[in-house]
Each structure stands twice: as structure tokens, then as C-alpha cells.
Enquirer: 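Let me begin by handing over the structure; questions about it come next.
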Amino acid sequence: QVQLVESGGGLVQAGGSLRVSCADSGRTFSTYWMAWFRQAPGKEREFVAAIRWSSGSTYYADSVKDRFTISRDRTKNAVYLQMNSLKFEDTAVYYCAAARSYLPPQSIRIMAPYDDWGQGTQVTVSS
């Protein structure tokens with residue numbers, strides 16, 4: 001059973017833009033947070049951005065703030081990550097994640113609390 005499916009990854013030149021999407025067919029009625037993480041080869045998976053499902057409040061890693069924008073469409077049960085001014089160091093597999101129960105904002109930046117994960121989509125930025 002696949003509950004989160006990412007799409008939209010690809011190859012882009014540095015300075016360019018790309019939008020990745022995540023379709024959620026899981027327990028959307030209980031979703032508190034949706035988030036994006038990424039993992040580059042040989043590195044740990046790191047937090048990118050998160051959005052509170054009900055209010056739309058957003059949080060970003062310092063490395064992507066002012067360049068990336070997370071958004072959601074509650075009608076479509078989808079979350080998006082618009083990536084602008086892409087850098088070579090943004091190259092990674094991007095994963096979406098869902099927290100299905102209450103999670104305080106101070107815990108959203110770590111992987112453990114999230115209940116569901118997608119398979120990831122590759123984003124490659126050439127320099």
C-alpha cells in the first residue's frame with residue numbers, strides 16, 4: 001500500500017527552478033504536518049520544510065529559506081515544494097513525510113515522529 005507518492009524530480013541547471021509534488025492517499029483526516037526531507041549520497045537525511053496541515057504555517061531549514069516554498073492543497077490532499085534559485089548542493093533525493101498525530105513544532109525537523117514516507121524523487125542540479 002503506497003500512501004505518499006512524490007513526482008516532479010529531474011535535472012535542472014543551477015539557478016533554475018523545479019517543483020516537486022506529493023500526493024497523499026493515507027490517513028489524511030488525521031494529518032497534522034506534511035514535510036519534505038532530502039538526502040544526498042553519503043549524507044544523512046535532512047529536514048527541508050514543513051507545513052501545518054490545518055493552518056498552513058510553514059517552517060524551513062536555513063539552507064533553503066527564501067528560495068523554497070512549501071504549500072498544500074487540502075482539496076487534493078497534496079503538498080508541493082517550489083524550488084527556486086537552485087544550487088548544486090540542493091542535489092538529493094527528496095522525500096515527503098506525513099505526521100498523522102499531534103507533533104509540536106520543535107519536533108518537526110527530525111525523522112522519527114513521521115508516520116508515513118514516500119519513495120522519493122531525484123532532483124539533480126548541474127553546475
Side-chain angles (χ1 to χ4, degrees):
Q1 182 182 11
V2 178
Q3 299 188 47
L4 300 176
V5 179
E6 301 96 337
S7 62
L11 175 65
V12 63
Q13 288 285 115
S17 299
L18 199 66
R19 189 182 78 162
V20 290
S21 304
C22 178
D24 186 1
S25 61
R27 296 175 287 142
T28 57
F29 60 88
S30 61
T31 298
Y32 278 82
W33 295 94
M34 293 289 290
W36 288 96
F37 288 75
R38 67 185 182 186
Q39 186 168 21
K43 295 186 177 181
E44 296 180 350
R45 191 171 299 186
E46 65 175 350
F47 172 81
V48 177
I51 186 167
R52 182 73 166 86
W53 193 248
S54 60
S55 69
S57 297
T58 58
Y59 295 81
Y60 297 92
D62 289 342
S63 60
V64 306
K65 189 174 179 61
D66 300 324
R67 297 189 298 121
F68 291 9
T69 303
I70 187 171
S71 61
R72 89 276 196 247
D73 187 328
R74 288 177 288 182
T75 301
K76 297 179 179 179
N77 294 321
V79 64
Y80 310 96
L81 185 68
Q82 177 66 45
M83 301 178 286
N84 298 326
S85 301
L86 282 162
K87 305 174 181 179
F88 174 76
E89 51 264 45
D90 294 318
T91 296
V93 177
Y94 283 71
Y95 300 89
C96 65
R100 307 299 191 183
S101 59
Y102 174 74
L103 187 67
Q106 58 266 33
S107 299
I108 63 173
R109 295 174 181 268
I110 60 175
M111 295 174 57
Y114 291 89
D115 300 287
D116 298 311
W117 292 85
Q119 296 299 308
T121 186
Q122 176 72 48
V123 173
T124 302
V125 183
S126 61
S127 61

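This structure is a prediction, so every number in the text was calculated from the model and none was measured. Each residue takes its place number in the sequence, starting with 1.
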Enquirer: Please answer: with hydrophobic residues joined when any side-chain heavy atoms are less than 4.5 Å apart, are Tyr102 and Tyr114 in the same cluster?
Expert: yes
Enquirer: Between Tyr60 (side chain) and Ile70 (backbone), is there a donor-acceptor pair under 3.5 Å?
Expert: yes
Enquirer: Residues two or more places apart in sequence or in another chain: which of them pass side-chain hydrogen bond (donor to acceptor under 3.5 Å, both in side chains) with Thr31?
Expert: Arg100
Enquirer: Check whether any side-chain heavy atom of Asp115 lies under 4.5 Å from a side-chain heavy atom of Gln3, and answer yes or no.
Expert: no
Enquirer: According to salt bridge (charged side-chain N to carboxylate O under 4.0 Å, His left out), who are the partners of Arg67, at least two apart in sequence or on a separate chain?
Expert: Asp90
Enquirer: Identify the two heavy atoms, one from Val48 and one from Tyr94, that lie closest to each other, and give their separation to 0.1 Å.
Expert: CG2-CE2, 4.4 Å
Enquirer: State, yes or no, whether a side-chain contact exists between Ile108 and Arg52 at a heavy-atom distance under 4.5 Å.
Expert: no
Enquirer: Looking only at non-hydrogen atoms, find the nearest pair between Pro105 and Tyr59 and report the distance.
Expert: CB-OH, 3.8 Å
Enquirer: Which atom pair, heavy atoms only, marks the closest approach of Ser127 to Ala14?
Expert: CA-CB, 4.4 Å
Enquirer: Give me the atom names and distance for the closest heavy-atom approach of Ala61 to Phe47.
Expert: CB-O, 3.4 Å
Enquirer: Run Val64 and Met83 through side-chain contact (heavy atoms from CB on, under 4.5 Å) and show every step you take.
Expert: CA-CA 9 Å; Val64 306; Met83 301 178 286; over 6 Å; no
Enquirer: Using the six-membered ring of Phe37, assess whether NZ or CZ of Arg45 lies under 6.0 Å from its centre and within 45 degrees of the ring axis.
Expert: no
Enquirer: Report yes if some heavy atom in the side chain of Glu44 is under 4.5 Å from a heavy atom in the side chain of Glu46; otherwise report no.
Expert: no
Enquirer: Within this structure, what is the CG-CG distance for the pair Asn84 and Asp66, rounded to the nearest 0.5 Å?
Expert: 11.0 Å
Enquirer: Looking at OH of Tyr80 and CH2 of Trp36, how far apart are the two atoms once the value is rounded to the nearest 0.5 Å?
Expert: 10.5 Å
Enquirer: As an exercise, state the distance from OG of Ser101 to CH2 of Trp33, rounded to the nearest 0.5 Å.
Expert: 12.5 Å
Enquirer: Looking only at side-chain N and O atoms, does Arg19 offer a donor or acceptor that is under 3.5 Å from a partner on Ser17?
Expert: no
Enquirer: Could you tell me if the side chain of Lys76 sits less than 4.5 Å from the side chain of Ser21, heavy atoms only?
Expert: no
Enquirer: List the steps, then state whether side-chain contact (heavy atoms from CB on, under 4.5 Å) holds for Leu86 with Phe68.
Expert: CA-CA 9 Å; Leu86 282 162; Phe68 291 9; 3.9 Å; yes
Enquirer: When rounded to the nearest 0.5 angstrom, what distance separates SG in Cys22 from CD in Glu6?
Expert: 5.0 Å
Enquirer: Please say which of Thr91, Val93, Val20, Leu81 ends up in a side-chain contact (heavy atoms from CB on, under 4.5 Å) with Val123.
Expert: Val20
Enquirer: Mind listing the closest non-hydrogen atom pair of Arg72 and Gly56 along with its distance?
Expert: NH2-N, 3.4 Å
Enquirer: Is there side-chain contact between Leu4 and Tyr95, with at least one heavy-atom pair below 4.5 Å?
Expert: no
Enquirer: Just how far is it from atom CD1 of Ile51 to atom OG1 of Thr69, taken to the nearest 0.5 Å?
Expert: 10.0 Å
Enquirer: CG/Leu103 to CD1/Ile110 distance, rounded to the nearest 0.5 angstrom?
Expert: 7.5 Å
Enquirer: If you look at every heavy atom in Pro113 and Ser107, which pair is closest and at what distance?
Expert: CG-O, 3.7 Å
Enquirer: Return yes when atom CD of Gln119 has more than 12 non-hydrogen atoms of other residues, nucleotides or ligands closer than 6.0 Å, and no otherwise.
Expert: no
